[in-house]
Amino acid sequence: MLYLVRMDVNIPLDMTEERANTIKAEEREYSQKLQRDGRWAHLWRVVGEYSNYSVFDVVDNDELHMLLSGLPLFPYMDIKVTPLAKHPSTAE
């Protein structure tokens, strides 16, 4: 199943820069692993925001929830998920 996911990151102002950098490095490693195995199919930054739009290709809702909740930045994110279906006018 394909999902469009918007992630808005809100790192607390009182978090140390060192801690924030550590979490961001862990996030990069985790997300790149999922990109390489194909489950995180696309990743785009939203210009001017600490946000992204991503497309996930996973088996079901439960797998997507597991992957998203495993993100090191998950506690600091607002996430919106939109399930996608093939459009009937898509060129084959």
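Values reported hereafter were calculated over all heavy atoms of this structure, with side chains retained and with hydrogens, waters and symmetry mates removed. The structure presented is a predicted model; accordingly, all values stated were derived computationally and were not measured.
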Side chains of Asn10 and Tyr50: is there a donor and an acceptor less than 3.5 Å apart? no
Value rounded to 0.5 Å, distance of CG in Asp37 from CD in Gln32: 12.5 Å
Transitive ILVMFWY cluster of Tyr53 at side-chain heavy atoms under 4.5 Å: who else is in it? Leu2, Leu4, Trp44, Val46, Val55, Leu84
Between atom CZ of Arg39 and atom CE of Met66, what is the distance when rounded to the nearest 0.5 Å? 5.5 Å
Less than 4.5 Å apart, side chain to side chain, heavy atoms only: is that true for Met77 and Leu71? yes
How far does OG of Ser51 sit from CD1 of Ile79, to the nearest 0.5 angstrom? 11.0 Å
Do you know the tightest heavy-atom contact between Ser54 and Leu43? OG-CD1, 3.2 Å
Heavy-atom pair of closest approach, residues Met1 and Val59: CG-O, 3.7 Å
What ring-ring contact (aromatic ring centres under 6.0 Å, His included) pairs are there with at least one residue in residues 55-82, not counting sequence neighbours? Trp40-Phe56
Measuring from Glu27:CD to Met7:CE, what's the distance to the nearest 0.5 Å? 7.5 Å
For the residue pair Gly38 and Asp57, what are the closest heavy atoms and their distance? O-CB, 4.0 Å
Can you measure from CD (Glu63) to OH (Tyr3) and round to the nearest 0.5 angstrom? 9.0 Å
Less than 4.5 Å apart, any side-chain heavy atom of Ile23 and any of Ile11? no
Taking the side chain as C-beta and beyond, is there a heavy-atom pair between Glu49 and Asp8 under 4.5 Å? yes
